[in-house]
Each structure stands twice: as structure tokens, then as C-alpha cells.
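Numbers here simply count residues along the sequence, with the first being 1.
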Amino acid sequence: MSHPTTYHTVTKSFHWLTALLILAIIPLGVIANGLPFETSDQLATKAFVFSLHKTLGVAVFFVALLRILWAVTQDKPGPLHPEHKAETLLAEVIHWVLYISLVAVPLTGWIEHAATTGFAPIWWPFGQSLFFVPKSEALSHTFAGLHWMFGKLMVASILLHIAGALKHQVVDKDATLRRMWFGKGDAPTVAPHVTKAAPPLIAVIAFVAAGFAAYGLGFLEKHDGPAVESAALEAVASEWAVQDGEIAITISQFGSAVTGNFADWTSDISFDPAPADVMGNVTTVISIGSLTLGSVTADAMKSDYFDVEAHPTATFTADIKPDGDSYIADGSVTIKGTTVPVQMPFDLLIDGETATMTGGLTLDRQAFNVGESQSDAASLGFDVDVAIALTATRN
């Protein structure tokens with residue numbers, strides 16, 4: 001239990017450990033956001049700082065939970081000036097805002113991270129995902145907005161907390177600060193603290209208001225989909241009409257796989273299952289702007305990567321040839337105006353007038369001048385794995 005005049009040593013340890021962590025992660029987040037990432041070295045530095053920020057943020061989350069669990073089981077000394085009711089109420093509200101923010105801010109950041117893939121992993125050994133969080137760019141964007149807004153509320157409460165401590169130390173010249181420092185000191189004996197309903201209720205209202213503010217500012221309104229307006233593709237009259245399918249790509253960033261897919265593409269497919277050296281052909285046009293690629297979607301659209309403004313589409317053209325019990329698409333891929341010959345093996349199952357196809361290939365991003373400034377494969381892998389699956393019906 002707490003000493004009559006001061007806080008328990010464990011409480012003090014939690015307080016100052018939390019303070020050190022917060023004083024580290026806030027500037028780390030600001031610095032990380034402002035760092036450039038035009039070269040491999042710059043990208044590695046930016047990712048390192050972001051990873052450090054996220055890793056310490058998760059530490060804050062667990063320390064805060066332990067601190068709260070400890071606090072609810074302990075008595076603590078009451079206010080030194082209970083007659084100053086407004087000031088005492090404000091101090092209590094700020095304490096509750098800090099308690100909630102120490103959980104809400106790192107948790108929203110963690111959920112934002114878990115809902116997407118790519119860039120700056122968390123270094124704790126329990127992985128990058130949370131079992132209750134699906135992969136969703138919309139969810140990631142929503143919690144990014146809440147993380148930003150709750151973070152501002154946290155900073156405001158920290159500044160008010162520091163201002164209050166300085167007032168007690170410099171103006172009131174009382175024992176408020178000494179009660180939270182190590183040792184019993186000469187703080188006066190006061191009645192134990194009694195938690196009232198109003199301060200935590202006001203703190204909760206402040207967070208609800210912050211959430212509505214984030215919504216009003218548009219932080220919570222993004223839906224799953226491309227980061228930029230994608231090129232409109234003309235409809236094609238195909239012998240085989242695609243009913244559904246997916247074109248997915250997987251890259252490696254700092255050793256972690258990042259997978260995305262293109263939402264908009266067309267395929268003109270001609271195919272005759274009768275044995276022949278060439279059994280048909282295919283032309284697929286992909287809207288680059290329809291790509292979602294985890295947390296790096298927006299960066300993938302920039303001029304150093306896909307350069308979507310100058311090159312809004314990519315094209316795959318190939319002849320379809322038999323390859324033993326399977327097939328191969330022998331042709332070329334054009335990205336950013338560069339055409340590279342490719343061969344894509346694939347499996348095909350035909351049932352009546354319906355064909356189901358699965359296949360894939362690996363492209364070297366360097367061959368298409370994608371990510372030219374990222375010359376280190378450890379930062380951004382050179383290989384890009386492409387996986388295609390579709391179902392088509394004969395017209």
C-alpha cells in the first residue's frame with residue numbers, strides 16, 4: 001500500500017518509465033515522418049526510426065496496462081489542496097486522459113500496422129499481425145486517423161500535466177512533485193485519494209469528441225481501393241470472357257513480404273483446346289492506379305516506381321502454347337514503357353464452357369526501371385512475384 005504522504009515505489013517507477021518512453025516515441029514519430037526516402041540508405045533509415053517508434057509504442061501499451069492494473073489495487077494520497085475544486089477536477093481529468101491515451105494511442109497505432117502490410121516492422125517477436133484485425137486498407141486508414149488525433153490529445157494532456165507540476169513546484173511551492181519522486185521526503189499527510197465518477201467520464205467524452213473530430217476532418221472516411229484515380233480501361237470483346245479473377249503481386253521490403261493486387265484489368269483471350277503449337281493468345285491491360293499494396297500503395301505510384309501519371313497501364317501479351325500436361329504463355333510484359341520478354345507457366349482446367357486458370361511468374365523490377373533509387377535488395381527486393389487466377393466462360 002502507499003505511504004501516507006507519498007506514492008508507492010512501484011507507482012513511481014511506472015510513472016517515470018512511462019515518461020521516458022513517451023519522451024522517446026513522440027519525437028521519434030515526428031522525425032520518422034519527416035525523413036526523406038529517395039535512396040536505399042534514406043529508406044532504411046526512415047524504416048529503422050519508424051520501427052523503433054512502433055516497437056517502443058507497443059512497450060508503452062503493455063507498461064500502461066500494468067500501471068493501470070497496479071493503480072487500481074493501491075491507495076494513493078489525495079490532493080494537497082482539495083479546497084481548490086476546479087483545479088483538482090482539472091488535474092483528475094488530465095490524469096484520466098493520460099491513462100486512457102497511454103492505452104488508446106499505442107493500440108490504435110498497432111491496429112493500423114496490423115491491418116496493412118509493408119514498411120517498418122515491429123521488432124517484438126510475436127509477429128506483425130493481430131488475430132482480431134483483418135488486413136484492410138480502410139481499417140488501417142481509420143486507425144491511422146484515430147492514432148493521429150488521440151496522439152494530439154495525449155500531447156495536450158502531457159503539456160497540461162507538466163504545466164500543473166511546475167505550478168505546484170514554482171508557484172505553490174508544495175510537495176506535489178516530491179510525492180512522485182523516490183523516497184518519502186517531507187510531504188504532508190493527507191486523506192487517501194477517492195476516485196469520483198466525473199473525471200473519468202469527462203476523459204472518455206474527450207476521446208469520443210476526438211474521434212468525431214477525426215471523422216469530421218476526413219481521417220476516417222477512406223474506403224478500400226486505389227490510392228490514386230486509376231485509368232479507365234476500354235471494354236474488350238473477348239472469345240473467353242473473364243467472370244472473376246485476381247492479379248496479385250508480392251514484393252519483399254526489409255525481408256518482409258508485402259502483397260497487393262490490381263482491382264481493374266481486362267483480358268482479351270483467344271483459346272482453342274485442340275492440340276496445336278499455338279493454341280491461342282492473350283492480351284491483358286492492367287490499370288496501375290488500381291493497385292493496393294499495403295502501407296506503400298501511395299509510394300508505388302510515384303515517378304521512381306510505377307510512375308502512374310506517365311504510364312497509367314501495364315500490358316501483358318502472349319501466345320498460349322502447350323507445355324506437357326500444362327501450358328505456357330510466351331510473350332512480353334510492358335511496364336513504364338519498357339517491354340521485357342517473359343514466359344509464364346500456368347494450369348488450365350476446362351469444364352464445358354468454363355475455364356479456370358492459375359499461374360504466375362517472377363519479374364525483376366530493375367528491368368522495368370521500377371525503384372531505380374532503391375539499389376539495395378535488402379531494403380526493396382529486386383524480384384516481384386506475380387500470381388494470376390481467373391475464371392472465364394466461352395462467348
Side-chain angles (χ1 to χ4, degrees), residues 117 129 134-138 223-226 230-252 257-294 297 300 306 312-335 339-365 368 383-395:
T117 56
S129 298
K135 295 297 182 184
S136 164
E137 292 305 305
H223 301 285
D224 282 323
S230 57
L233 301 181
E234 296 182 2
V236 296
S238 176
E239 178 184 327
W240 290 79
V242 175
Q243 302 303 311
D244 61 73
E246 179 183 64
I247 299 178
I249 65 172
T250 300
I251 65 173
S252 174
V258 183
T259 298
N261 61 78
F262 296 93
D264 191 13
W265 48 275
T266 63
S267 283
D268 182 0
I269 305 170
S270 173
F271 178 77
D272 186 344
D277 291 339
V278 177
M279 305 173 73
N281 55 72
V282 58
T283 298
T284 298
V285 179
I286 302 169
S287 175
I288 295 296
S290 71
L291 173 68
T292 54
L293 190 60
T297 300
F306 280 114
T313 62
T315 304
F316 170 62
T317 301
D319 290 330
I320 300 172
K321 300 177 180 180
D323 185 31
D325 294 332
S326 189
Y327 302 87
I328 192 165
D330 186 4
S332 63
V333 171
T334 301
I335 300 173
T339 300
V340 174
V342 297
Q343 288 187 325
M344 182 184 73
F346 66 93
D347 295 320
L348 182 66
L349 176 64
I350 299 178
D351 183 9
E353 301 298 306
T354 301
T356 302
M357 170 267 183
T358 56
L361 72 161
T362 299
L363 302 175
D364 182 352
R365 65 173 176 84
F368 300 95
D383 289 343
V384 178
D385 294 326
V386 183
I388 302 174
L390 61 86
T391 299
T393 56
R394 192 199 303 267
N395 283 329

Please table the atom pairs, donor to acceptor, closer than 3.5 Å between any side-chain atom in residues 274-283 and protein atoms at least two apart or in another chain.
none

Is any side-chain heavy atom of Ser326 less than 4.5 Å from a side-chain heavy atom of Asp347? yes
Identify the heavy atoms of Trp240 and Thr354 that sit nearest to each other, and give their distance. CZ3-C, 4.3 Å
What pair of heavy atoms forms the shortest contact from Pro322 to Ile328, and how long is it? O-CG2, 4.5 Å
State the CZ-CD1 distance between Arg394 and Ile269, to the nearest 0.5 angstrom. 12.0 Å
Can you list the residues that meet the ring-ring contact (aromatic ring centres under 6.0 Å, His included) rule with Tyr327, with sequence neighbours excluded? Phe271, Phe346
So, for Ser270 and Ile320, which heavy atoms are closest and what is the spacing to 0.1 Å? O-CD1, 4.0 Å
Quick check: do Leu233 and Thr313 have side-chain heavy atoms less than 4.5 Å from each other? yes
Which pair of non-hydrogen atoms, one from Ala355 and one from Ile350, has the smallest distance, and what is that distance? CB-CG1, 4.1 Å
Note, Leu363 side chain near Val340 side chain (heavy atom, < 4.5 Å): no
Report yes if some heavy atom in the side chain of Thr334 is under 4.5 Å from a heavy atom in the side chain of Phe368; otherwise report no. no
Within this structure, what is the NZ-OG1 distance for the pair Lys135 and Thr292, rounded to the nearest 0.5 Å? 13.0 Å
Can you measure from CG (Asp383) to CG (Asp385) and round to the nearest 0.5 angstrom? 6.5 Å
More than 12 heavy atoms of other residues, nucleotides or ligands under 6.0 Å from CG of Asn395: yes or no? yes
If you measure from CG on Leu293 to CZ on Phe306, what distance do you get to the nearest 0.5 Å? 7.5 Å
Over all heavy atoms of both residues, which pair between Ile249 and Val386 is shortest? Give the atoms and the distance, please. CG2-CG2, 4.2 Å
State, to 0.1 Å, how close Gln343 and Leu361 come at their nearest heavy-atom pair, and which atoms those are. O-CB, 4.4 Å
Nearest 0.5 angstrom please: Asn261 CG to Thr250 OG1, how far? 10.0 Å
Gap separating the CD1 atom of Ile286 from the CD1 atom of Ile335, nearest 0.5 angstrom: 7.5 Å
How far apart are the C-alpha atoms of Val242 and Trp265, what are their side-chain angles, what is the distance that settles it, and do they pass the side chain to side chain contact (heavy atoms under 4.5 Å, CB included) test? CA-CA 10 Å; Val242 175; Trp265 48 275; 4.0 Å; yes
Examine distances only and state if a side-chain atom of Ser290 and a backbone atom of Ala263 form a donor-acceptor pair shorter than 3.5 Å. yes
